[in-house]
Amino acid sequence: EEMKKRFAEKNLFLQDTFVYTNAYYERVNQAVPYKIPSKLPVLGVFGTSSRQGKFTLQMLLRRELERKKVKLITLATEHQAAAMDVSICYPCGYGGENNIKLSMEQKSIYYLEQTTDAEMILVGGQSWLIPYHIEEQTAIYNLAFLEAVRPDCAIVVVNPEVDPPEYISDTVQCL
């Protein structure tokens, strides 16, 4: 509260972030006991490697869609997304895979779909939907996320200077 006052004195706004607690998860689990697919169109932003601008693109798309008066549910996987006022933040990137709760993304989307007047869902995932190297196991979290959100349409952000064409093609086929 003290920080909010200091910000207000300088004509600045301090945004509180919503912290997803076990109580929130339990409320959603009770409201949505089974996995139920979304009825709203889902647009996803995914990529082939890190530091490509996937999250930036997702936030730019959100701003443009909101400017056009499209009511959105926004689900992001970057840890800083909670500070950007997204609807749902599952920080599963960069070592945060322990934060992901399988099927919870789908239940949360359905829950928000039923309790808001949203017209569309915008999701952003992490890099490497498929393993870049066969010994990497992180893809399981990305594939679980992809299965939960089931995008109707996806934008794939690639870096042809880093990623081989066959890896880019495999990623597109996976989506």
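Quick caveat: nothing in here was measured; it's all calculated off a predicted structure.
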Out of curiosity, does [Y] fall in the hydrophobic cluster containing [X] (side-chain heavy atoms, cut-off under 4.5 Å, transitive links)?
{"X": "Val123", "Y": "Val172", "answer": "yes"}
{"X": "Val32", "Y": "Leu112", "answer": "yes"}
{"X": "Val156", "Y": "Leu57", "answer": "no"}

Practice problem: Let me see the working for Glu78 and Gln126 under side chain to side chain donor-acceptor pair (under 3.5 Å), right down to the final yes or no. | Solution: CA-CA 8 Å; Glu78 295 291 339; Gln126 292 293 312; 3.2 Å; yes
Exercise. Could you list the residues that satisfy salt bridge (charged side-chain N to carboxylate O under 4.0 Å, His left out) with Glu2, not counting sequence neighbours?
Key: Arg6
[X] side chain to [Y] main-chain N or O, any donor-acceptor pair under 3.5 Å?
{"X": "Lys54", "Y": "Ser49", "answer": "yes"}
{"X": "Glu64", "Y": "Leu61", "answer": "no"}
{"X": "Thr77", "Y": "Gly124", "answer": "yes"}

Quiz item: Going by the side-chain hydrogen bond (donor to acceptor under 3.5 Å, both in side chains) test, which pairs reach into residues 164-175, not counting sequence neighbours?
Solution: none
Exercise. Please collect all salt bridge (charged side-chain N to carboxylate O under 4.0 Å, His left out) contacts where either partner lies in residues 112-128, sequence neighbours excluded, each pair once.
Key: Lys71-Asp117
Practice problem: Would you mind listing every salt bridge (charged side-chain N to carboxylate O under 4.0 Å, His left out) that reaches into residues 142-155, with sequence neighbours excluded? | Solution: Glu147-Arg150
Self-check item: By side chain to side chain contact (heavy atoms under 4.5 Å, CB included) - contacts of Leu65 (at least two apart)
Solution: Val70, Leu72, Met120
Quiz item: Excluding sequence neighbours, so at least two apart, what forms side chain to side chain contact (heavy atoms under 4.5 Å, CB included) with Leu60?
Solution: Thr56, Arg63
Measure the spacing between [atom1] of [X] and [atom2] of [Y] and express it to the nearest 0.5 Å.
{"X": "Ile109", "Y": "Ile121", "atom1": "CD1", "atom2": "CD1", "result": "5.0 Å"}
{"X": "Ile88", "Y": "Thr74", "atom1": "CD1", "atom2": "OG1", "result": "9.0 Å"}
{"X": "Leu75", "Y": "Ser108", "atom1": "CG", "atom2": "OG", "result": "7.5 Å"}
{"X": "Gln80", "Y": "Cys89", "atom1": "CD", "atom2": "SG", "result": "8.0 Å"}
{"X": "Lys5", "Y": "Glu9", "atom1": "NZ", "atom2": "CD", "result": "9.0 Å"}
{"X": "Ser38", "Y": "Ile73", "atom1": "OG", "atom2": "CD1", "result": "7.0 Å"}

Could you tell me which non-hydrogen atom of [X] sits nearest to which non-hydrogen atom of [Y], and how far apart they are?
{"X": "Ser127", "Y": "Thr48", "answer": "CB-C, 4.2 Å"}
{"X": "Ala82", "Y": "Val86", "answer": "N-CG2, 4.4 Å"}
{"X": "Val42", "Y": "Val149", "answer": "CG1-O, 3.7 Å"}

Quiz prompt | Side chain to side chain, Ile155 and Phe46, heavy atoms closer than 4.5 Å | solution = no
Quiz prompt | Leu146 vs Pro151 side-chain heavy atoms within contact, under 4.5 Å | solution = yes
Practice problem: Please report the C-alpha distance between Asp163 and Gln52 in whole Å, then the side-chain angles of each, then the deciding distance to 0.1 Å, and finally whether the side chain to side chain contact (heavy atoms under 4.5 Å, CB included) criterion is met. | Solution: CA-CA 11 Å; Asp163 300 318; Gln52 295 175 304; 3.7 Å; yes
